[in-house]
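Notes to accompany the following structure.
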Amino acid sequence: MSLTPEERRARRKEFRKMNPADKVSYLFTYYRLPILLGLILLALLIGGVCRWVSHKEPALYAAYINVSMGEELEGRLNEDFLAAAGYNPRRSEVYLYRALYLSDDAADSDHEYAYASRLKLLASINAKQLDVVLMNREAYDILSKNGYLLPLPELLAQSDCAELEPLLAENMVIVEDNAVEFELNEAERYEAVTEEAANAIDLSSHPLFQQAGFPDAVYLGVIANSPRLPAVGQYLQYLNALAANGETE
């Protein structure tokens with residue numbers, strides 16, 4: 001029921017006479033729902049603004065597979081790359097998939113973790129949310145034979161990465177096989193048609209990785225269906241410039 005103008009004036013007069021505690025109690029009693037709704041809307045608005053301010057668009061998606069990067073090296077590979085390539089660090093990032101593990105050894109004690117990593121990796125590739133992978137030899141072999149890696153000579157040439165061309169590594173790619181028939185016992189033996197492809201860069205002699213002291217070779221590969229090849233080219237140019245200058249600082 002709405003109040004008459006006289007009743008409203010009387011309530012306002014009565015409200016002004018209340019002490020602070022009574023005013024709070026009065027407001028909470030009669031305006032509790034609007035106040036709560038207002039606070040909820042204010043919280044949602046503040047949260048939305050904070051998310052908008054802090055949101056960063058991935059300039060590149062990268063994964064570390066069977067290798068781990070120290071904090072300093074990770075900063076050189078990510079934040080320093082963004083700065084060198086002219087990205088705004090407040091609005092852009094290198095989105096990282098860390099601590100992925102691949103293995104074809106069924107007896108591996110980390111078999112379940114390897115299976116979960118493989119699913120995550122395949123999901124990111126299918127969603128076109130993976131561009132560059134840094135990996136050890138075992139992961140390189142797995143990704144190469146399954147055809148996930150892009151041959152790199154043309155991309156390196158287009159990106160003018162002469163310092164990286166001698167570091168190209170070749171590996172086997174399965175062009176065609178009878179894996180399904182063999183698994184279903186419809187073929188007596190596994191057969192495959194393979195070819196060699198220069199689809200990774202061996203970073204073992206790169207000054208940035210030499211200083212990090214990796215015990216084994218570290219390879220860089222580019223995912224074949226990456227939709228961000230211009231950004232990948234910038235990433236390779238950044239590594240090429242470091243190799244050309246022999247600088248790690």
Heavy atoms of other groups near Glu196 CD, more than 12 under 6.0 Å: yes
Donor-acceptor contact present, side-chain Gln237 to main-chain Ser159, <3.5 Å: yes
Nearest heavy atoms of Glu74 and Glu79, plus distance in Å: O-OE1, 3.8 Å
Side-chain donor or acceptor of Lys128 paired with backbone N/O of Asn225 under 3.5 Å: no
Between CD on residue Glu112 and OH on residue Tyr101, distance to nearest 0.5 Å: 13.0 Å
For the student: nearest non-hydrogen atoms of Asp80 and Tyr238, plus distance: CB-OH, 3.2 Å
Which pairs of donor and acceptor atoms, one on a side chain in residues 163-171, lie under 3.5 Å apart (sequence neighbours left out)?
from	atom 1	to	atom 2	distance (Å)
Asn171	ND2	Asp141	OD1	2.8

Close side-chain approach of Ser226 and Val232, heavy atoms under 4.5 Å: yes
Rounded distance [0.5 Å steps], CG in Asp131 versus CZ in Arg228: 4.0 Å
Residue pair Ile201 / Leu236, side-chain heavy-atom distance below 4.5 Å: yes
Considering all heavy atoms, the nearest Ser117-Ala99 contact: OG-O, 4.4 Å
Short side-chain to backbone donor-acceptor contact, Ser124 and Gln129, under 3.5 Å: no
Nearest heavy-atom neighbours spanning Ala114 and Ser103: CB-N, 4.1 Å
Pairwise side-chain contact, Asn78 with Leu82, heavy-atom cut-off 4.5 Å (strictly under): no
Neighbour count above 12 (heavy atom, 6.0 Å) for Tyr115 OH: no
Residues that, via side-chain heavy atoms closer than 4.5 angstrom, fall in one hydrophobic cluster with Leu121: Tyr61, Ile65, Tyr95, Tyr97, Leu100, Leu102, Leu122, Ile125, Leu130, Val133, Met135, Tyr140, Ile142, Leu143, Tyr148, Leu149, Tyr219, Ile223
Taking every non-hydrogen atom, the tightest pair across Ala224 and Gly147: CB-O, 4.3 Å
Val132 vs Val94 side-chain heavy atoms within contact, under 4.5 Å: no
Within 6.0 Å of CG in Asp160, more than 12 heavy atoms from elsewhere: no
Glu195 atom CD, neighbour heavy-atom count above 12 within 6.0 Å: yes
Leu239 and Phe81: CA distance, side-chain angles, deciding distance, side chain to side chain contact (heavy atoms under 4.5 Å, CB included) verdict: CA-CA 9 Å; Leu239 292 175; Phe81 154 68; over 6 Å; no
Shared hydrophobic cluster for Val173 and Val222 (ILVMFWY, side-chain gaps under 4.5 Å): no
OG-NZ distance between Ser92 and Lys56, expressed to the nearest 0.5 angstrom: 8.5 Å
Approximate separation, where rounding is to 0.5 Å, of Thr194 OG1 and Asp177 CG: 10.5 Å
More than 12 heavy atoms of other groups within 6.0 Å of Glu176 CD: no
Spacing of Arg98 atom CZ and Leu134 atom CG [to the nearest 0.5 Å]: 12.5 Å
ring-ring contact (aromatic ring centres under 6.0 Å, His included) partners for Phe214, two or more places apart: Phe209
CZ on Arg76 to CD on Gln211, rounded to 0.5 Å: 8.0 Å
Any Asp216 side-chain heavy atom under 4.5 Å of Ser204 side chain: no
Ionic contact status for Arg118 with Asp104, cut-off 4.0 Å: yes
For Leu152 against Asn199, the heavy-atom pair lying closest together: CD1-C, 3.9 Å
Audit row: Leu208, Leu203, side chain to side chain contact (heavy atoms under 4.5 Å, CB included) steps and yes/no: CA-CA 8 Å; Leu208 198 60; Leu203 295 171; over 6 Å; no
